[in-house]
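Worksheet for the structure shown next.
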Amino acid sequence: MSSFRTTGTLLTAMTLLGAAGCASAPASDATELTAQAEAAEAQQLSREQATRLQPLERANFWAQEHAGDPTDLTASIEFAKSLREIGSQERASEVARQAAVIYPDSADLQLVYGRALSSQKRYREAARALSRAAMLKPGSSDALALLGFVHDQVGDHASAQAAYSRALEIDPNRAGTLSNFGLSLALSGDLAEAETRLRKAVALDERSTQVRQNLVLILGLQGRYDEMRDAAGDAPEGILEQNIEVLRALRGDAVAQAAEAATAQTAAPSLRSTTDG
């Protein structure tokens with residue numbers, strides 16, 4: 001009987017020890033999960049603080065983040081963006097290209113990739129990345145606006161205008177996109193519609209010298225020099241008159257040829273697109 005009690009006691013003790021052992025595992029897991037959560041929170045806080053850094057410091061921060069985990073989507077996107085900020089377009093496109101192999105369905109990644117390629121004047125490659133970004137995120141006008149720009153750069157004005165139209169359906173008040181749309185229409189020979197788009201762009205962004213100069217050029221190409229003077233605002237009179245004389249000479253050609261020639265004239269106002277639409 002005594003032996004039975006001893007055995008029973010031992011079994012009870014073993015059971016209790018086993019129960020204690022089982023109870024300690026969740027506690028350990030919980031501690032580890034808490035530590036991971038705290039580490040993630042600290043990293044997030046650090047990344048939020050990075051947005052307030054100067055461009056070079058921000059690039060260095062994201063370089064370290066990306067080096068720590070090259071498969072981190074956020075780090076890849078932000079590193080590519082920060083590289084673009086400091087003018088390292090080729091490196092930015094390479095970082096984005098490598099990440100796109102892992103994350104082919106990230107619209108934000110495709111957009112930053114397209115921007116970097118566009119900045120290198122690799123317009124056809126940029127168009128592919130931007131088209132994919134627009135497909136993946138159809139409610140965003142950013143990729144479409146820039147897609148219009150890159151189509152214009154290779155002379156595909158019809159595709160450019162289709163992209164601008166879609167971008168403006170999403171966001172009708174993008175002054176840069178309206179301005180680029182106007183320039184694209186001018187290069188296609190439709191000066192009247194180009195003027196309409198540019199007047200709306202000026203109304204939306206009266207402080208933009210670039211947008212106003214584009215309107216001045218379109219008015220000049222139509223031979224409306226008094227209106228051109230009025231629209232020029234604070235432009236120096238001597239330069240304005242010189243530009244008018246250049247435009248008078250160009251008026252003897254077809255409108256499309258005149259627009260192209262005006263772009264090439266360093267003395268005349270130029271067709272200036274807003275790179276990011």
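In this structure the side chain of Leu130 never reaches within 4.5 angstrom of the side chain of Gln110, judged on heavy atoms. Looking at Arg47 and Phe61, their side chains come closer than 4.5 Å, going by heavy atoms from C-beta outward. Side-chain contact between Arg199 and Leu219: present, with at least one pair of heavy atoms (C-beta onward) separated by less than 4.5 Å. Looking at Ser140 and Leu111, their side chains never come closer than 4.5 Å, going by heavy atoms from C-beta outward. Side-chain contact check for Thr196 versus Phe181: every heavy-atom pair is 4.5 Å or farther apart.
The pair Asp108-Lys137 counts as a salt bridge, with a side-chain nitrogen and a carboxylate oxygen less than 4.0 angstrom apart. Salt-bridge annotation for Arg212 and Asp205: absent, with no side-chain N of the basic residue lying under 4.0 Å from a carboxylate O of the acidic one. A salt bridge between Glu94 and Arg91 is absent, with no side-chain N of the basic residue lying under 4.0 Å from a carboxylate O of the acidic one.
Interatomic distance, CG of Asp152 versus OG of Ser188, reported as 7.5 Å (0.5 Å rounding). Interatomic distance, OH of Tyr113 versus CD of Gln98, reported as 10.0 Å (0.5 Å rounding). If you take CG on Leu146 and OH on Tyr164, they are separated by 8.5 Å, rounding to the nearest 0.5 Å. In this structure, Gln161 CD and Ser184 OG are separated by 3.5 Å, a value rounded to the nearest 0.5 Å. Going from atom CZ of Arg174 over to atom OG of Ser141 covers 4.0 Å, rounded to the nearest 0.5 Å. Leu147 CG to Arg166 CZ: the interatomic distance, rounded to the nearest 0.5 Å, is 7.5 Å.
Val150 and Met135 fall into different hydrophobic clusters, defined by Ile, Leu, Val, Met, Phe, Trp and Tyr side-chain heavy atoms under 4.5 Å apart, directly or through other members. Hydrophobic clustering (side-chain heavy atoms under 4.5 Å, transitive across Ile, Leu, Val, Met, Phe, Trp, Tyr) groups Leu198 together with Met228. The hydrophobic clustering, which links ILVMFWY residues whose side-chain heavy atoms are closer than 4.5 Å, places Leu109 and Val95 apart. Cluster annotation: Leu185 and Leu204 are assigned to the same hydrophobic cluster (Ile/Leu/Val/Met/Phe/Trp/Tyr, side-chain heavy-atom contacts under 4.5 Å, transitive). In this structure, Phe149 is not a member of the same hydrophobic cluster as Leu117, with clusters built from ILVMFWY side-chain heavy atoms closer than 4.5 Å.
Surrounding CD of Glu85 are more than 12 heavy atoms belonging to other residues, nucleotides or ligands, all under 6.0 Å away. The number of heavy atoms from other shown groups lying within 6.0 Å of CZ (Arg224) is above 12.
Of all the heavy atoms in Tyr123 and Ser118, the pair that sits closest is CE2-O, 3.6 Å. Summarising the geometry of Ile170 relative to Gly139, their closest heavy-atom pair is CG2-O, 3.3 Å, with the distance given to 0.1 Å. For Pro104 against Leu136, the heavy-atom pair with the smallest separation is O-CD1, 3.8 Å. Here the closest heavy-atom approach between residue Ala163 and residue Leu144 is recorded as CB-O, 3.5 Å. Shortest non-hydrogen contact noted between Ala194 and Ala186 is CB-N, 3.8 Å. Considering every non-hydrogen atom in both Pro172 and Leu178, the closest pair reads O-CD1, 3.8 Å.
In this structure, Gln222 contributes its side chain and Ile218 its backbone to a donor-acceptor pair below 3.5 Å. Looking at Ser82, its side chain does come within 3.5 Å of a backbone N or O of Glu78 through a donor-acceptor pair. Side-chain atoms of Ser88 do not come within 3.5 Å of backbone N or O of Arg84 as any donor-acceptor pair. Here the side chain of Ser179 pairs no donor or acceptor atom with the backbone of Ala175 at under 3.5 angstrom.
Side chains of Ser93 and Gln120: a donor on one and an acceptor on the other come within 3.5 Å. For the residue pair Asp69 and Thr71, a side-chain donor N or O sits within less than 3.5 Å of a side-chain acceptor on the partner.
Listed by chain and residue number, nothing satisfies the ring pair (Phe, Tyr, Trp, His ring centres under 6.0 Å) test with His151 (two or more places apart in sequence, or in another chain).
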Verdict with reasoning, Arg197 to Asn214, per side chain to side chain contact (heavy atoms under 4.5 Å, CB included): CA-CA 11 Å; Arg197 303 286 177 173; Asn214 290 336; over 6 Å; no
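Using cut-offs of 30° and 60° on the angle between ring planes, the pair Phe79 and His66 is tilted.
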